Visitor: 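This structure is in structure tokens; I'll ask about it shortly.
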Amino acid sequence: MTDASTDDTPDILSPEVVKNTLYLIDGSGYIFRAYHALPPMNRGDGTPVNAVFGFSAMLMKLVEEIDAQHLAVIFDSARETFRNEIYPAYKAQRPEPPEDLRPQFSIIRDAVRAFNVPSIEMPGFEADDLIATYAKEARAKGMDVVIVSSDKDLMQLVRDGVTMLDPIKNRPIGPDEVMEKFGVAPDKVVDVQSLAGDSVDNVPGVPGIGVKTAAQLITDYGDLETLLARATEIKQPKRRESLIEYAEQARISRELVKLRDDVPLEVSVDQLEVKDPEHATLLSFFEENNFKRLVARLQALEVQEGEAPSSLGMAAEIAPSETAYETVVEEADLKRWIAAAMEAGTVAVDTETTSLNAMSAKLVGISLSVEAGKACYIPVGHGAGDGADQGNLLDAPTERPKQIDKKRALELLKPMLEDSSVLKVGHNMKYDWLIFRRHGIEVAPVDDSMLISYVLEGGLHGHGMDELAELHLDHKTIPFKEVAGSGKDQVTFDKVPLDKATEYAAEDADITGRLHRLLKPRLRESHVLTLYETVERPLVPIIGEMERAGIKVDREVLADLSKDFARRMGEYELDIYKLAGREFNIGSPKQLGEILFDELGLQGGKKGKTGAYATGAEVLEALATQHDLPAKILEWRQLAKLKSTYADTLVEQINPETGRVHTAFAMAATSTGRLSSSDPNVQNIPVRTEEGRRIRRAFVAEKGHRLLSVDYSQIELRIVADIGGIEALRQAFRDGIDIHAMTASQVFGVPLDQMDPMTRRKAKAINFGIIYGISGFGLARQLGVEQGEAAAYIRAYFERYPGIRDYMDRAKAEAKKQGYVTTLFGRRCHVPGITDKNPARRAFAERQAINAPIQGTAADIIKRAMIRLPAALEKASLKARMLLQVHDELLFEVPEAEIEKTSALVREVMEGATRPVLELSVPLVAEAGVGDDWEAAH
DNA sequence: TCTTTCACG
DNA sequence: GACGTACGTGAAAGAG
């Protein structure tokens, strides 16, 4: 902690008072020097950035090496200053900055912001005057001053406690160096300059007198006034005449050269206290400008800083004592909030809309928070929004409160939301990202407090804002119901009055910011910062784009299917009632159980804990030998499921604006790192039965396009072979042989060329069982054999592959010791039940501990591929869009002419997705399929 | 709101 | 020897 102001006990541990130093960086001077010193550099979009790079590298060095307590970058403001009033020609002939330097000025100001360093400028004064004033103020407070510049005009400021530092040669400039340059001590520099003048700045001086002569004269006479007064004594006639004739010009020059140290400061020295930069902002800034070396240095710094001690108790920046929420309805107020966000470099953002579905939601308002306890709400769509509400004129007019026009508000917010030096923090940022994206704004860079929580504590609890606020901040958020009502009285957010809306919405931004401040530092402490920065966070816009793309669903196909299913269900119903002896609700497991076991008297009925008979598919299949009814029920159920869950609901989910279906991928829902999908769930579209695959045919490609499906072959078993260290399995994967047959041959001793399907099936079941944390009971059930027999298989398997057993023991021990297991990419999967007293629950947790690293590593790998794919496609000028992810499969919509190239590229990226972080001991294989619909692409 | 069932990897 | 079981999800429907 740099802030010692709250600590009133004297520092008795340190023998000397801690040196407090103010670093003043001459920003304007540095820009020109860096520009000329560095070879031309361009970033991705062609913008020249050599001066930006030099500037950033210099700041980085200061951050890395220097223990400054106070720091500021000082810039020249407009070209006109008070000096022009004294002498209009001053700096008048300066050329315009070069073409390829001009665009760099504003980027350098972004850089300063990204470093979280104050930047100071003031109209009417040069940077040098501000530096002089700050130096004086700082000295008055007993601070040392380092001026980061090599500008000779600043050398007059060097004195006890004030030194300069040449940022390019990286050498200090003290009295000796000044003496070398001007031939006099720093306090006489002004006098020398007044005489010698400066052709670059148009300081006239005295003709015929240069620095050398001036220094000698000043040394001889003491100072300028004395010299001018005694000019007649000078022996050299020319020099004497000049000094007499141009005495006044020398005095004017003095005015020009002498720096003002009485500039009225708007920002005090105390306010220049160093704040740690937000690494994510910096990283994003470096990446945007293609500063690879700085990215590496920043990451090295992160490692170095390592386990920073966390503060005891909760600081006011996380738990303020009171809150102030503001409704913003005036442009001036909005501009003030935007300026505050730019100034701070980090802002929490939240959007309020009419729906949880980001692709159909209408934007109603935006909230911002820059510091804890303070937030604003900017309504933009309250009351009758968008003219969509076409209520007739006789109805009571919908109240439309005063608010900033939506377009105007977004226009004002856009530069800040897209500014690479301002970090936008959201909770479930993908949602807000999508809302803004639909309004033509690409929010970047972003942080997501939900994802931060997810990588820190995935598996321990949910990551919704309300839950986290309660857990971490001991704060109960306003329930949505309280502002929008519930049940039939519930209204959309645009109908909520502004005062209530502000309390709710501003709180969300406030809490988001506070969670971010609390949780972000823990990423590094918990060693999941890299996972967050390289996997989860970059995925936000990637998945956002996938959701925005959606997939075309053919409503005709589904409508026909629905009719067909309905007709056949009707036929089954007649049969079923006849066989049952009466009509009943076939969809009711309770009624069905009573029919089967009580009325028809079938054997083997088992009641669950709720007292109802179990009637699941397994039970009904077993009953099929006793009666014709169970088989009919199973048929009916399949149709009912397909009709209600898929055929009918998918049609309802087609977005009327896009004509496509836009799923929502949940990024923080699973305990293993997988995504989940909802509204609709596209990850459980039927594929295993012929009847079910008919649903898949409704997922089609746009005209002129085809669907490309690429999936990892056996990715989880490959991971098992790798982390279990099973050499035989690894070799089998390298050789590309049938892995289940190979297992069967090794475990059951059947030669490969004599493999029978039954033996292979057993081996396949064992292989899957391994992934799930095998148990004799589970395997027996899967294979339909006695538990003893299954246990024998497992024993044989472990004997053949002892590495598996070792892995399982390791996983269990790791979970027990730490409460979590980790994937190959460092994701933590928490297994809270591992210490449960209840042996069943503990065994369950142990199986989770075994499965999670396998499933989770596979999830990491496909996520890494997803992050790279859009960029790889773009680079290859391919227009394919990534639409869906189904755990080990990615689905693309590809222009017909680009199928081959796209397919090859996607496979290449997917197969190389572990690199360069990791090289598995087995190859990853991705297989591609193409078709006009999703079934055909499989 | 909880439970059961079943669709997927 | 307990305990109740393969791992991870989401949606629809019935039950209450």
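All chains are named by letter (A, B, ...) in the order of the sequence lines, taking the proteins before the strands, and each is independently numbered beginning at 1. These numbers come from a predicted model, not from an experiment.
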Visitor: Below 4.0 Å from chain A heavy atoms, what is the first contacting nucleotide of DNA chain B and what is the last?
Guide: dT3(B) to dG9(B)
Visitor: At under 4.0 Å between heavy atoms, which parts of nucleotides 9-16 of chain C does protein reach? Answer with one letter per nucleotide, 5' to 3': B base, S sugar-phosphate only, - none.
Guide: SBBSSSSS
Visitor: Would you say the side-chain atoms of Arg718(A) pair up with the backbone N or O of Val922(A), donor to acceptor, closer than 3.5 Å?
Guide: no
Visitor: Under the ring pair (Phe, Tyr, Trp, His ring centres under 6.0 Å) rule, what do Trp636(A) and Tyr572(A) come out as? Steps first, then yes or no, please.
Guide: CA-CA 6 Å; Trp636(A) 181 91; Tyr572(A) 277 116; 9.0 Å; no
Visitor: Can you tell me the distance, in whole Å, between the CE atom of Met808(A) and the C1' atom of dA6(C)?
Guide: 11 Å
Visitor: Within the structure shown, what part of the strands sits under 4.0 Å from Ile771(A) by heavy-atom distance: base, sugar-phosphate, or nothing?
Guide: nothing
Visitor: Using the rule side-chain hydrogen bond (donor to acceptor under 3.5 Å, both in side chains), only one of Ser677(A), Ser676(A), Ser678(A) pairs with Thr663(A); which is it?
Guide: Ser677(A)
Visitor: Before accepting this row, confirm whether a basic side-chain N of the pair Arg842(A)/Asp836(A) lies closer than 4.0 Å to the acidic partner's carboxylate O.
Guide: no
Visitor: Tell me which residues in residues 452-467 of chain A put a heavy atom below 4.0 Å from DNA chain C, sorted by number, or none.
Guide: none
Visitor: So does Arg568(A) pair up with Glu691(A), basic N to acidic O under 4.0 Å?
Guide: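 Glu691(A) and Arg568(A): salt-bridged.
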Visitor: For DNA chain C, determine which residues of residues 829-856 of chain A have any heavy atom closer than 4.0 angstrom to one of its atoms, and list them numerically.
Guide: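 Those residues are Pro839(A), Ala840(A), Phe844(A), Arg847(A), Gln848(A), Asn851(A), Gln855(A).
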Visitor: Strictly below 4.0 Å, N to O, side chains only: are Glu618(A) and Arg781(A) in salt-bridge contact?
Guide: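 Looking at Glu618(A) and Arg781(A), the cut-off is met.
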Visitor: Are Tyr454(A) and Tyr532(A) packed together at the side-chain level, in the sense that at least one heavy-atom pair is separated by less than 4.5 angstrom?
Guide: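 Sidechains of Tyr532(A) and Tyr454(A): no contact.
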Visitor: Please report the distance separating the C1' of dC3(C) from the corresponding atom of dT5(B), rounded so that it comes out in whole Å.
Guide: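 Here dC3(C) and dT5(B) have their C1' atoms 24 Å from each other.
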Visitor: Between P on dA6(C) and OH on Tyr772(A), what's the gap in Å once rounded to a whole number?
Guide: 12 Å
Visitor: Can you find a heavy atom in the side chain of Ile770(A) that is under 4.5 Å from one in the side chain of Met808(A)?
Guide: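 Yes, close enough: below the 4.5 Å cut-off.
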Visitor: Show the nearest heavy-atom pair for residues Gly550(A) and Leu883(A), with the distance to one decimal.
Guide: O-CD2, 3.4 Å
Visitor: Check this for me, if you would: do Arg694(A) and Asp564(A) make a salt bridge, where the nitrogen-to-carboxylate-oxygen distance has to be below 4.0 angstrom?
Guide: yes
Visitor: I'd like to check the salt bridge (Lys or Arg N to Asp or Glu O under 4.0 Å) partners of Glu911(A); sequence neighbours left out, ordered by chain and number.
Guide: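 Per chain and number, Glu911(A) pairs via salt bridge (Lys or Arg N to Asp or Glu O under 4.0 Å) with no residue.
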Visitor: In terms of side-chain geometry, is the basic nitrogen of Glu893(A) or Arg660(A) positioned less than 4.0 Å from the acidic oxygen of its partner?
Guide: yes
Visitor: For Arg697(A), is there an ion pair with Glu690(A) - N to carboxylate O distance below 4.0 angstrom?
Guide: yes
Visitor: Name the nucleic acid region contacted by Gly773(A), choosing base, sugar-phosphate or nothing; use a 4.0 angstrom heavy-atom cut-off, strictly under.
Guide: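 No contact.
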Visitor: How long is the line joining CG of Leu779(A) and C1' of dC7(C), in whole Å?
Guide: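 Distance, rounded to whole Å: 14 Å.
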Visitor: Could you check whether Glu536(A) pairs with Lys863(A) (Lys NZ or Arg NE/NH1/NH2 to Asp/Glu carboxylate O, under 4.0 Å)?
Guide: yes
Visitor: Hey, does Ala765(A) reach any base, or is it just sugar-phosphate, or nothing, if we go heavy atoms under 4.0 Å?
Guide: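 Counting heavy atoms under 4.0 Å across all strands, the contact made by Ala765(A) includes a base.
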Visitor: Please report the distance separating the P of dT4(B) from the corresponding atom of dG4(C), rounded so that it comes out in whole Å.
Guide: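 To the nearest whole Å, 14 Å.
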Visitor: For nucleotides dT5(C) and dT3(B), find the distance between their P atoms and express it as a whole number of Å.
Guide: 13 Å
Visitor: Would you indicate what Ala612(A) reaches in the nucleic acid, counting non-hydrogen atoms under 4.0 angstrom: base, sugar-phosphate, or nothing?
Guide: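 If one applies the 4.0 Å heavy-atom cut-off, Ala612(A) turns out to touch nothing in the nucleic acid.
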Visitor: Are the side chain of Glu599(A) and the backbone of Glu594(A) linked by a donor-acceptor contact shorter than 3.5 Å?
Guide: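 Not confirmed, Glu599(A) side chain does not pair with Glu594(A) backbone.
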Visitor: Using a 3.5 Å limit on both distances, find every run of at least three consecutive Watson-Crick or G-U pairs that involves DNA chain C.
Guide: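 Stems (3+ consecutive pairs) listed as B:1-9 with C:7-15.
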Visitor: If the threshold is 4.0 Å, N to carboxylate O, is there a salt bridge linking Glu571(A) and Arg567(A)?
Guide: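 Salt bridge present between Glu571(A) and Arg567(A).
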